[in-house]
Amino acid sequence: MKKTMFTGRFYALIAAVAMLMFSSLNVLAHGMSEADKQRAIEAGLPDYILLGAGHMLTGYDHLLFLFGVIFFLSRFADIIKFITAFTLGHSITLVFATLYSVQANYFLIDAVIALTVCYKGFENLDGFKRYLGVASPNLMWMVFGFGLIHGFGLSTRLQQLPMGEGSIVMKILAFNVGVEVGQIAALTVMLALLVGWRKTASFKRFSVMANTLLIIIGGLLFLHQLHGYQHTVFADDFPINTDDHSHIHEDMAAEAKANILDRYPRRIIAPQPSLQDNAPHEHGDGAYHSH
């Protein structure tokens, strides 16, 4: 009875955390900011390395997928093998898609990436055998294939930057090196946490809940990216798109300013007599006078 109550409360906590993350996804979004674009105009190769590392470290969808990949891996050789497959996959599409300007709507690409997070959580729960009655697909090839998708997502973001002059190939490779540096840093922290957690009795008990949380967050990310896709492709169907939103705020500011000016009393300035009016003069009756 206590276990059931605890499980229910834990799932309620999972739902609350997931909804909190979904409501703050705009803050966590890892697109290229205006500051990144300005910095990229005169950026050198070290700057592109930093941009790549920063983009990976803020790429919550990439990190969640990697967390799912290494969740049950305990042998160092297995970790190297799967991470290498993922790295080869995303490096291929990152380099060649950017070099040949292969583009797609980044919201759609990120939606597919969100589904890879759901897939890994489902696979970790042995969902194929338990719920579908089939063996899981070869994980090595799946990780490599998902790496291709993740790399395409990275490429769509990189192509938002103004490459400027100089060797485009070297800038792409520098960005990819930065992605790998960020990936290694994130994996180091993840592995340290997982190694410590596996030594506790709670790992087996909470592993199901943790992978369930991966599926929930992946699903919310998927819905969020589809919502963004609708705004970009079907902008006319939404009453306020980005441009209209800014225009509305400009109109509201102008109206507020006008209302403030209307509140101030206007001074009535009487016409002042000129110096000429004070000179002696007559009105046709021969009697000269002055005012």
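Scope of the values below: all heavy atoms of this structure, side chains included, with no hydrogens, waters or symmetry mates.
Side-chain heavy-atom separations under 4.5 angstrom define the hydrophobic clusters, and Leu57 shares its cluster with no other residue. Alongside Leu193, the hydrophobic cluster contains Val189 (criterion: ILVMFWY side chains under 4.5 Å). Applying the under-4.5 Å side-chain rule to Ile, Leu, Val, Met, Phe, Trp and Tyr, the cluster around Ile80 extends to Phe76.
Every side-chain contact (heavy atoms from CB on, under 4.5 Å) that Val233 has, sequence neighbours left out, goes to Asn105, Tyr229. Considering only residues two or more places apart in sequence or on other chains, Ser202 meets the side-chain hydrogen bond (donor to acceptor under 3.5 Å, both in side chains) condition with Trp197, Thr200. Remark: Ser91 engages Thr87, Asn176, Glu180 in a side-chain contact (heavy atoms from CB on, under 4.5 Å) (not counting sequence neighbours). Listed by chain and number, the residues in a side-chain hydrogen bond (donor to acceptor under 3.5 Å, both in side chains) with Gln103 are Gln159 (sequence neighbours excluded). Not a single side-chain contact (heavy atoms from CB on, under 4.5 Å) links Ala53 to another residue, sequence neighbours left out.
Evaluation of the salt bridge (Lys or Arg N to Asp or Glu O under 4.0 Å) test over residues 64-75, restricted to residues two or more places apart or in two chains, returns Arg75-Asp78. For residues 84-107, there are no salt bridge (Lys or Arg N to Asp or Glu O under 4.0 Å) pairs, not counting sequence neighbours.
Looking only at side-chain heavy atoms (C-beta outward), Leu158 and Leu51 stay at 4.5 Å or farther from each other. Between Arg157 and Asp110 the shortest side-chain heavy-atom distance falls below 4.5 Å. Looking at heavy atoms from C-beta onward, Val117 lies out of side-chain contact with Ile217 at the 4.5 angstrom threshold.
Side chain of Asp47 to backbone of Gly44: a donor-acceptor contact under 3.5 angstrom is found. At distances below 3.5 Å, at least one donor-acceptor pair connects side-chain atoms of Thr98 with backbone N or O atoms of Leu94.
Side chain to side chain, His90 and His150 fail the donor-acceptor criterion of an N or O pair below 3.5 Å.
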Between side-chain atoms of residues 121-133 and protein atoms elsewhere (two or more places apart, or another chain), which donor-acceptor pairs fall under 3.5 Å?
residue: Glu123; atom: OE1; partner: Lys120; partner atom: NZ; Å: 2.7
residue: Asn124; atom: OD1; partner: Lys120; partner atom: NZ; Å: 2.5
residue: Asn124; atom: ND2; partner: Gly68; partner atom: O; Å: 3.0
residue: Asn124; atom: ND2; partner: Lys120; partner atom: O; Å: 3.4
residue: Asn124; atom: ND2; partner: Asn211; partner atom: OD1; Å: 2.7

Using atom types as modelled, flag every donor-acceptor pair under 3.5 Å from a side chain in residues 134-147 to any protein atom, sequence neighbours excluded.
residue: Asn138; atom: OD1; partner: Met140; partner atom: N; Å: 3.0
residue: Asn138; atom: OD1; partner: Trp141; partner atom: N; Å: 3.1

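Using cut-offs of 30° and 60° for the angle between ring planes, the Phe65 and Phe86 rings count as tilted. Note: His227 and His231 have perpendicular aromatic rings, judged against thresholds of 30 and 60 degrees for the angle between ring planes.
In this structure, the separation between CG on Asp61 and CG on Leu66 is 10.0 Å, given to the nearest 0.5 Å.
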